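Note that ligands are numbered from 1 as they come in the structure, with each ligand's atoms numbered from 1 the same way. What you see is a predicted model; the values in this text were computed from it and never measured.
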Amino acid sequence: MKYIVALDQGTTSSRAVVFDASARVVAQQNIEFRQIYPNPGWVEHDPRDILDSQLGALRQAVEKAGIAPADIAAIGITNQRETTLLWERSTGRPLCNAIVWQCRRTAPLVERLKQDGLGNLLRDRTGLVPDAYFSGTKLQWMLDSIPGARERAARGELCFGTVDSFLTWNLTANHVHVTDATNAARTMLYNIHEQRWDPDLLRAMDIPERVLPQVVDSAQVVGMLDRSVLGREIPIAALAGDQHAALFGQGCFEPGMVKNTYGTGCFVLMNTGDAPVRSARNLITTIAWRIDGKPRYALEGSVFVGGAVIQWLRDELKLIACAAESESVALEAPDNGGVYFVPAFTGLGAPHWDMYSRGTLIGLTRGANRAHIVRAALEAIAYQSADVIAAMESDAGTRTQLLRVDGGASANGFLMQFQSDILDVRVLRPTVTETTALGAAMLAGRAVGFWTDADLARLQAVDREFTPAMNAAERAALLRRWHRAVERSKGWALED
Ligand code: ADP
């Protein structure tokens with residue numbers, strides 16, 4: 001047995017990655033699938049598309065790698081989180097399209113929960129901020145709108161699952177109905193302290209317990225890949241939400257370790273150890289992973305507009321031809337020339353939380369040019385991430401020593417150096433930036449004894465380390481002006 005395969009089921013594409021024993025990528029395959037927008041603010045996936053694209057990616061990756069299925073020790077699954085599916089237990093037939101995490105249709109149901117005074121209870125038990133983003137009200141909506149569904153669910157005839165659960169059901173011959181603790185922690189139904197579905201929350205959303213999957217560890221064999229897929233049974237040995245898998249794949253095993261993924265948005269997660277930390281700054285408390293029955297907890301904060309601001313410069317302002325060009329253009333300016341850009345296109349998330357904040361370009365003088373604006377956009381990605389990390393440090397009472405980075409925009413050397421400067425911490429970029437897939441592979445490898453804990457700690461090869469080179473006075477001045485710009489962006493959409 002020489003390989004581990006990770007299935008990374010994302011929002012726009014399904015990916016399969018074959019890793020060897022040194023965690024090097026042997027082959028990978030990505031297959032995009034259809035996004036369905038039935039109404040403004042609604043987002044759906046066809047469950048068939050999710051499954052077919054994932055199976056296609058798996059088969060093609062194994063073929064590309066030129067390996068025998070008999071050489072695959074295990075499969076790990078990581079997935080877009082919160083996306084909600086409902087299917088029939090006897091046939092596996094989905095009752096409707098998957099409701100995708102981005103879908104806002106259940107905002108009124110969340111408002112009702114808040115009006116019923118359940119906001120604090122929800123926060124205490126699930127660690128989440130009540131929002132339509134999470135699975136609970138999506139399932140409630142399905143049970144409300146499909147005739148007879150709630151009664152059938154109560155009789156045990158239906159299965160709810162997030163994408164990990166749906167894939168496991170369909171990839172295993174015996175149709176195992178499970179989810180792992182990290183995915184359960186995103187449902188708004190799971191008590192992260194007691195590690196069980198919460199009866200009070202189930203009652204509040206009118207969800208019968210029999211529809212829910214059994215919650216398992218993130219690293220454990222949950223079933224065997226059906227022989228029909230690759231001609232051989234292979235253990236499915238890990239399930240974890242994408243950001244949790246990335247935290248594991250970055251080797252953030254100890255309390256205080258932090259990773260930031262610079263994609264369309266930025267996702268910062270900090271390992272907080274055995275105890276959940278309740279945030280005083282509206283960060284999310286979540287389960288990092290559960291291994292050997294023991295949960296590890298994490299704080300999570302996200303930046304809505306990260307790499308997306310670079311896409312905006314490219315597609316709307318046409319200031320750059322491609323995302324990578326942002327680096328050389330930014331470096332044409334010796335400094336930001338006093339220009340600050342708050343990319344609050346959809347409001348601001350943690351720790352500012354202002355949904356009426358809007359994009360603000362400020363500090364312009366006659367001397368401001370393209371390089372200043374591009375630079376201000378890249379700096380904004382780093383400032384926003386720094387604000388989230390500062391909130392985490394103050395919630396957790398720790399000081400970050402090292403930031404591990406991945407995601408598309410982590411390729412930008414200027415951005416990474418500026419991130420290191422503005423945080424005054426070292427920034428470590430690994431060779432394998434497919435850390436989500438790597439994390440799922442590592443969890444699966446651990447579950448089947450392919451890797452020991454000591455092996456796991458050695459699997460992250462460093463591509464480049466960035467060390468802070470900015471003096472304290474300059475850092476403080478930049479942050480002060482950034483925060484003044486943030487203040488000026490707030491409430492804009494209210495003032496009509
Ligand atoms: P996602 O998984 O959210 O689709 P990716 O991890 O693939 O995101 O990263 C894509 C994002 O990274 C895009 O928003 C893009 O603008 C940004 N990006 C990619 N390369 C660079 C670069 N060299 N500099 C700055 N931003 C970049």
Apply ring-ring contact (aromatic ring centres under 6.0 Å, His included) to Phe466 and Phe418, showing your working.
CA-CA 9 Å; Phe466 300 84; Phe418 189 77; over 10 Å; no
Do Gln419 side-chain atoms and Ala382 backbone N/O form a donor-acceptor pair below 3.5 Å?
yes
ring-ring contact (aromatic ring centres under 6.0 Å, His included) between Phe253 and Phe248, intermediate numbers included
CA-CA 7 Å; Phe253 304 137; Phe248 199 79; 4.9 Å; yes
Would you mind checking which non-hydrogen protein atom is closest to atom 21 (C) of ligand 1, with the distance to 0.1 Å?
Ala323 CB, 3.7 Å
Short list, please: which atoms of ligand 1 are under 4.0 Å from a heavy atom of Gly407?
6 (O)
Min over Ser326, Ser328, Gly408 of heavy-atom distance to atom 20 (N) of ligand 1 lands on Gly408
So Trp87 and Phe166, would you call those rings parallel, tilted or perpendicular, with 30° and 60° as cut-offs?
perpendicular
Could you give the distance from CG (Leu299) to OG1 (Thr285), rounded to the nearest 0.5 Å?
5.5 Å
Measure from atom 3 (O) of ligand 1 to the protein's non-hydrogen atoms and state whether any distance is below 4.0 Å.
yes
Nearest protein heavy atom with distance in Å, relative to atom 12 (O) of ligand 1
Ala409 N, 3.5 Å
Does ligand 1 have any atom sitting under 4.0 Å from a heavy atom of Gln311?
yes
Looking only at protein heavy atoms, which one is nearest to atom 1 (P) of ligand 1, and what is the separation?
Thr264 OG1, 3.5 Å
Nearest 0.5 angstrom please: Gln28 CD to Lys64 NZ, how far?
7.0 Å
Atoms of ligand 1 under 4.0 Å from any heavy atom of Ala308, numbered from 1 in the order shown, are 14 (O)
If you have a sec, work out which protein heavy atom is nearest atom 23 (N) of ligand 1 and how many Å separate them, to one decimal?
Ala324 CA, 3.4 Å
